[in-house]
Amino acid sequence: MIPGQLIALALIWSVFWKGLALWHSAQRGAYWWFIVLLLVNTIGILEIIYLFAIAKVRFSTLFSSRV
């Protein structure tokens, strides 16, 4: 498969399962689970940990074009 197709497939897979989980948590009244499920994949926690803890990028250089 082409990388773009893999990304599209992963996106469809993720949206499908996230939709199901959000629907069921809302229907069950599990509002905290709904919020957690909604935010965990979208707020970029892993990317933030990578940038600031592993790659040690400073905030002032975060948007610069230099690597």
When hydrophobic residues are tied together by side-chain contacts of less than 4.5 Å, even through go-betweens, does F52 share a cluster with Y50?
yes
Identify whether L11 and L9 are in the same connected component of the hydrophobic contact network (ILVMFWY, side-chain heavy atoms under 4.5 Å).
no
Minimum heavy-atom distance F34-A26, with the two atoms named
CD1-CB, 4.0 Å
